[in-house]
Amino acid sequence: MAGITTGFTTGISAKAEGTVQRLRDGMAGGVLSFPLTSFHGDGDGDSDGGLDLDSYRTYLTGQLAAGEDSIAPGAVFPACGTGEFFSLDEDEYREVVRATVEVAAGRLPVVAGIGYGWAQARRFARIAEEAGADALLVLPHYLVAAPQDGLVEQLRHIAAGTSLPLIAYQRGQVAFTAEGLRRIAEIPTVVGLKDGHSDLDRLQRLTLAAPDGFLFFNGASTAEIQARAYATVGVPAYSSAVHAFAPEIANAFFKALHTDDHTTTTKLLRDFYVPLVELRDRVPGYAVSLIKAAARLRNLPVGPARSPLTNPGPTDLAALKKILDTGLTLVGAR
C-alpha cells in the first residue's frame, strides 16, 4: 500500500481522510478483526433471537486487547459477515455498532458492515454514522448478478447517502474489472476494496488499475491460508476469522509472516489452518457457525449462530476442539 497521491482523497472531509490514514496504518500493523455478534442461547440449537449486548461488550473487550505480544487489531469490523449482519434487524444493528464504538473508544477505526440494495444500505449507513462508526464496508448486494455499470452505480448511490469512507467488498456476485475499479475509485468516498474471490490474476490487475494509496485487503474466509500469495501481488493486509476466537494464534501467525519466519508460518498452516479449513468446508455456513463454536469452546460469551446457519454437532465439535488445542499448543497458549 503505497503512500497516498495528491488528489486521491480530494472531496472528502479531513476527518474521513484521517480515517483512511488510520486504516492504512492499522492494516500494516495488525490483523483486521471481524467480531462475532453475541446472542442468547447455549449453542445446542438455533439462537432464541435475543441480542446479548452485555456479553458482546465483554467478548469485544477481550478481542481488542493487545495481549502479551502487543499486537492489537488494525481495525474492527462489527456487524459484517462474521458478525451475522444478515440476521440483524435495524435496532440490533444500531446497538451492535454503538457498543463497538464505545468499547473501541477511539483506539482503532470502527468499520461497520452495510448491505442489501442501495436504498437499504443507505439506511444502515445512516444508523452506523449516527452510532459513531468511522467507515463502512459495503457487503455484496442481494441475490442478483449485475454488470459493471450497475456495480458502480450501486456504490454511487450509497456514497450519496453518507459522508463516511466506503470499502467495497467483492465476493460472490460482485466482481470488479480493472475499468470498474478505476470508476469506483473516482467516487471520492470509496477508499478501498476487500477481496473475497482469491483470483490473484484479477486482483493484480485491480491493484495496478487503482490510484496510489487505494486500500486493498485479503478477505478470504480463512485469509491466512492465502496470505503469502496475496502479498506477492501487493496485498499483505488481511482479515482474520481466527482472531474472533483465538487472537493468540492469529497474532502469532501475523508476527511470523511479517518477520519472514517461514518455519512458524508453515507449521501453523499445516497443523492448524489447513485442518480448520477442511472442517469448515464440510458444511455450508461453517465459515461463521464453526467460528462461533470455537469461541464457545474457549468460554467466550457469543452464544449460538442464528438460522439459516446451523451449529456444529458433537462429531464436528470434537474435531474442532482437537484442531484448536493443536493451534494453541503451537503458539504456547496451552
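The structure presented is a predicted model; accordingly, all values stated were derived computationally and were not measured.
A side-chain donor-acceptor contact under 3.5 Å links Arg107 to the backbone of Val103. Under a 3.5 Å cut-off, the side chain of Lys292 and the backbone N or O of Phe245 do not form any donor-acceptor pair. Between the side chain of Arg202 and the backbone N or O of Phe176, at least one donor-acceptor pair lies under 3.5 Å. Remark: side-chain polar atoms of Tyr93 are paired, donor with acceptor, to backbone N or O of Gly113 under 3.5 angstrom. In this structure a side-chain-to-backbone donor-acceptor pair under 3.5 Å is missing from Arg282 to Leu279. Formation of a donor-acceptor pair under 3.5 Å by the Gln148 side chain with backbone atoms of Ala175 is found in this model. A donor-acceptor contact shorter than 3.5 Å links the side chain of Arg306 to the backbone of Ser87. Formation of a donor-acceptor pair under 3.5 Å by the Glu248 side chain with backbone atoms of Ala333 is not found in this model. In terms of modelled atom types and a separation under 3.5 Å, the side chain of Thr266 and the main chain of Thr263 share no donor-acceptor contact. Using modelled atom types, no side-chain atom of Thr162 and backbone atom of Ile158 make a donor-acceptor pair closer than 3.5 Å.
Residues Ala220 and Ser239 approach most closely at O-OG, 4.4 Å, considering heavy atoms. Annotation for Leu137 and Val111: closest pair N-CG1, 3.6 Å, computed over non-hydrogen atoms. Ser221 and Arg171 make their closest contact through OG-NH2, 2.6 Å (heavy atoms, listed as atom of the first residue, atom of the second, distance). The shortest heavy-atom contact between Gly83 and Leu88 is O-CD1, 4.1 Å. Nearest heavy-atom pair across Gly303 and Arg296 is O-NH1, 2.9 Å. Considering every non-hydrogen atom in both Leu53 and Ala99, the closest pair reads CD2-CB, 4.1 Å.
Under the rule for a side chain to side chain donor-acceptor pair (under 3.5 Å), the partners of Tyr230 that lie at least two apart in sequence or sit in another chain are Asp195, Ser198. Asp281 pairs by the side chain to side chain contact (heavy atoms under 4.5 Å, CB included) definition with Val277, not counting sequence neighbours. For Asp54, there are no side chain to side chain donor-acceptor pair (under 3.5 Å) partners two or more places apart in sequence or in a different chain. For Glu153, the side chain to side chain donor-acceptor pair (under 3.5 Å) test picks out Arg156, with sequence neighbours left out. Considering only residues two or more places apart in sequence or on other chains, Thr61 meets the side chain to side chain donor-acceptor pair (under 3.5 Å) condition with none of them. Residues satisfying the side chain to side chain contact (heavy atoms under 4.5 Å, CB included) criterion with His258, sequence neighbours excluded, are Phe254.
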Checking His243 against Gln63 for the side chain to side chain donor-acceptor pair (under 3.5 Å) test, could you report, in this order, the C-alpha distance in whole Å, the side-chain angles of both residues, the deciding distance, and whether it holds?
CA-CA 8 Å; His243 191 275; Gln63 286 292 296; 3.3 Å; yes

As a quick check of understanding, evaluate ring pair (Phe, Tyr, Trp, His ring centres under 6.0 Å) for Phe253 and Phe272, giving each step before the final call.
CA-CA 11 Å; Phe253 183 88; Phe272 172 75; 9.5 Å; no

From CA spacing to verdict: salt bridge (charged side-chain N to carboxylate O under 4.0 Å, His left out), Arg98, Glu130
CA-CA 9 Å; Arg98 182 181 293 151; Glu130 291 167 0; over 6 Å; no

When you look at Phe86 and Tyr142, which way does the ring pair (Phe, Tyr, Trp, His ring centres under 6.0 Å) test go after all the steps?
CA-CA 10 Å; Phe86 48 85; Tyr142 173 69; over 10 Å; no

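Interatomic distance, Thr58 OG1 to Leu300 CG, rounded to the nearest 0.5 Å: 10.5 Å. Distance check: Asn299 CG to Tyr59 OH gives 13.5 Å after rounding to the nearest 0.5 Å. Interatomic distance, CG of Asn311 versus CG of Leu290, reported as 10.0 Å (0.5 Å rounding). Distance CZ/Arg334 to CG/Leu328: 5.0 Å, rounded to 0.5 Å.
For Arg24 and Gln21, the side-chain atoms include at least one donor-acceptor pair closer than 3.5 Å. If you check the side chains of Arg280 and Thr222, you find a donor sitting under 3.5 Å from an acceptor. Between the side chains of His141 and Gln154, no donor N or O sits under 3.5 Å from an acceptor N or O. Inspection of the Thr177 and Arg183 side chains reveals no N or O donor paired with an N or O acceptor under 3.5 Å. There is a side-chain donor-acceptor pair under 3.5 Å between Thr265 and Arg228.
Under the 4.5 Å side-chain contact rule for hydrophobic residues, Val274 and Val331 share a cluster.
The environment of Arg57 atom CZ is dense: over 12 non-hydrogen atoms of other residues, nucleotides or ligands sit within 6.0 angstrom. A 6.0 Å sphere centred on CZ of Arg94 holds more than 12 heavy atoms belonging to other residues, nucleotides or ligands.
With Tyr169 as the aromatic partner, Lys194 meets the cation-pi criteria of under 6.0 angstrom to the ring centre and within 45 degrees of the ring axis.
For an aromatic pair to be called close, the ring centres must be under 6.0 Å apart, and Tyr56 with Phe39 fails this.
Counting heavy atoms from C-beta outward, Pro165 and Leu136 have side chains that stay 4.5 Å or more apart. Residues Ser163 and Glu129 are in side-chain contact: their nearest non-hydrogen atoms beyond the backbone lie under 4.5 Å apart. Residues Ser33 and Phe77 have side chains not in contact (no heavy-atom distance under 4.5 Å, counting atoms from C-beta outward).
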